[in-house]
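I have placed the structure first, in the form of structure tokens, so that the comments after it can refer back to it.
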Number of protein chains: 2
Amino acid sequence: MSQGWSVKGDEEQQLLGERIAERLRGLIAQGVLLPGEKLPSEPELAARLGVSRPTLRSAVSELVADLVLERRRGVGTFVRQAAPLLQTGLERLVGTGDTIRQLGMKPGVADLSVEHRRPPEHVAARLGLTAATGAECVRIQRVRTADGRPVMSCDEWIPERVLPDPTHLDDLGEHESVYERLAEAGLAVRLASTSIVPCLPDTDLRRKLELPPQTPILVLRQLHFASNSADHPVLYSENSYNSERIELTAVRRG
Amino acid sequence: MSQGWSVKGDEEQQLLGERIAERLRGLIAQGVLLPGEKLPSEPELAARLGVSRPTLRSAVSELVADLVLERRRGVGTFVRQAAPLLQTGLERLVGTGDTIRQLGMKPGVADLSVEHRRPPEHVAARLGLTAATGAECVRIQRVRTADGRPVMSCDEWIPERVLPDPTHLDDLGEHESVYERLAEAGLAVRLASTSIVPCLPDTDLRRKLELPPQTPILVLRQLHFASNSADHPVLYSENSYNSERIELTAVRRG
DNA sequence: GAGTGGTCTAGACCACCAG
DNA sequence: TGGTGGTCTAGACCACTCC
């Protein structure tokens, strides 16, 4: 360990604690910090990195949650022996394209369609839409591929009333992220309430996902909320995963 | 809103922020704070509850994550219109009995069996067991019921070498929690790495869970780590859920 | 401009672990 | 006994929202 760890004053976009966490990840990846090695004490490390102890602790907590570091009370903080590879974590909300990229594959899209229509009742109910408030939605359907092979089928509904203008998504490109387009409209998605159900696909879906017969899949039903959208959800999606090609994982804490 | 909100000095077990969160939940449940109502500002609320602002913020953040409260920068913090009922959240690791109790049902157990044997290869691999280090495990199988009806089938493996003595779990009672027994042995489970896969049950499992034919289920494969067990997992479990009776949910953050 | 949540700091006190 | 992580406090400054 040497000097020059300071990280403040770089990009002012991210939270300071997250930038510190990235810096520590980098030190481990580069071999500056070796597996099993003990880190300096928290006050000392905070001073070296030029941040306060609470900020350093938030960074360390993130790495502990990701199984990269390990804390032992009264002893110290250590680099874990086998730092695990990150998987498709359910606890983090990321765009599908980024998810596929994280797995080291190249994302693509097939069968994109954008239309305007009223959603079926179970979708309208979740979105809180009634005929009085206007139930018209933008519906986006597409199949996502990884390295050219289909991995999931997406069915997304966005109420027109949350958009700055109803045509905001009509020109969505094949490689564009709905999340990014919503963010441009001031509707950055921050939270999704998700329910996970197993399902036997119908023949149409089986063809789209190239599934053999009698293969159950996972369906994620997600209700998305933006940071400034009060109680109104901005997006409902049903994503059907080919679970032979993408594994869903979660880290649970007690 | 009135005085008498102070909560400090009660049980010193939980984190202060969590006790504050519980108190706020209570105020909402009792109707002291109504849906849509604006809370006092953070500095004022912190003063009323007798805690610092960072502590109050940790409590509020927990309720925001649970969709109970909602923050609007520059405006205030509000009680959400439809405070959702809590479901089986994937992000939190809780014992099965507690999960069923949270859903308002009465937990029970059927077909309990405890045996000692070597695990199949895929289990041994996940637990990091080799013949050299000793692969012998305690295996616990049982069907969990809610209000008398089967909701999940559990298959749990604990390496004998992590237990204080190999017979530590042999007398597990029908209504006992494996987590609690491990905690008694100084192996409190803090973290589980989980993978979620859909599955078509075989006839035996279908009978146990009272499932109709052609009904896919969810299987959670979980590798559990204790707080002080360094890199060694202490428990591997495969839980098969009757997803018509228990819904798996998760809150994802961006 | 007044009030709000968002962030970060500095420092205190404690419980735990090792020598 | 000394060093470590675990927790909580007090207060600062900022960006945002609304009047």
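Protein chains get the first letters and strands the later ones, always in sequence-line order, with residue 1 at the start of each.
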Dump every N/O contact between nucleotides 5-7 of chain C and the protein below 3.5 Å, one line per pair.
unit_1: C:dG5; atom_1: OP1; unit_2: B:Thr77; atom_2: N; d: 3.2
unit_1: C:dG5; atom_1: OP1; unit_2: B:Thr77; atom_2: OG1; d: 3.1
unit_1: C:dG5; atom_1: OP2; unit_2: B:Glu42; atom_2: N; d: 2.8
unit_1: C:dG6; atom_1: OP2; unit_2: B:Arg57; atom_2: NH1; d: 2.7
unit_1: C:dG6; atom_1: OP2; unit_2: B:Arg57; atom_2: NH2; d: 3.0
unit_1: C:dG6; atom_1: OP2; unit_2: B:Arg71; atom_2: NE; d: 3.1
unit_1: C:dG6; atom_1: N7; unit_2: B:Arg53; atom_2: NH2; d: 2.7
unit_1: C:dG6; atom_1: O6; unit_2: B:Arg53; atom_2: NH1; d: 3.1
unit_1: C:dT7; atom_1: O4; unit_2: B:Arg53; atom_2: NH1; d: 3.4

(message) Using the ring-ring contact (aromatic ring centres under 6.0 Å, His included) criterion, which residues pair with B:Tyr179? Sequence neighbours excluded.
(response) B:His224

(message) Going by the rule side-chain contact (heavy atoms from CB on, under 4.5 Å), which residues pair with A:Pro43 if we only count those two or more places apart in sequence or in a different chain?
(response) A:Ser41, A:Arg53

(message) The criterion is salt bridge (Lys or Arg N to Asp or Glu O under 4.0 Å); which residues satisfy it with A:Glu176, sequence neighbours excluded?
(response) A:Arg181

(request) Not counting sequence neighbours, which residues clear side-chain contact (heavy atoms from CB on, under 4.5 Å) with B:Thr55? List them please. (result) B:Leu16, B:Val51, B:Ser52

(message) Output the rounded distance in Å from CG (A:Leu63) to C1' (D:dG5).
(response) 16 Å

(message) Test of understanding: with side-chain contact (heavy atoms from CB on, under 4.5 Å), list the residues that count as partners of A:Ser58, not counting sequence neighbours.
(response) none

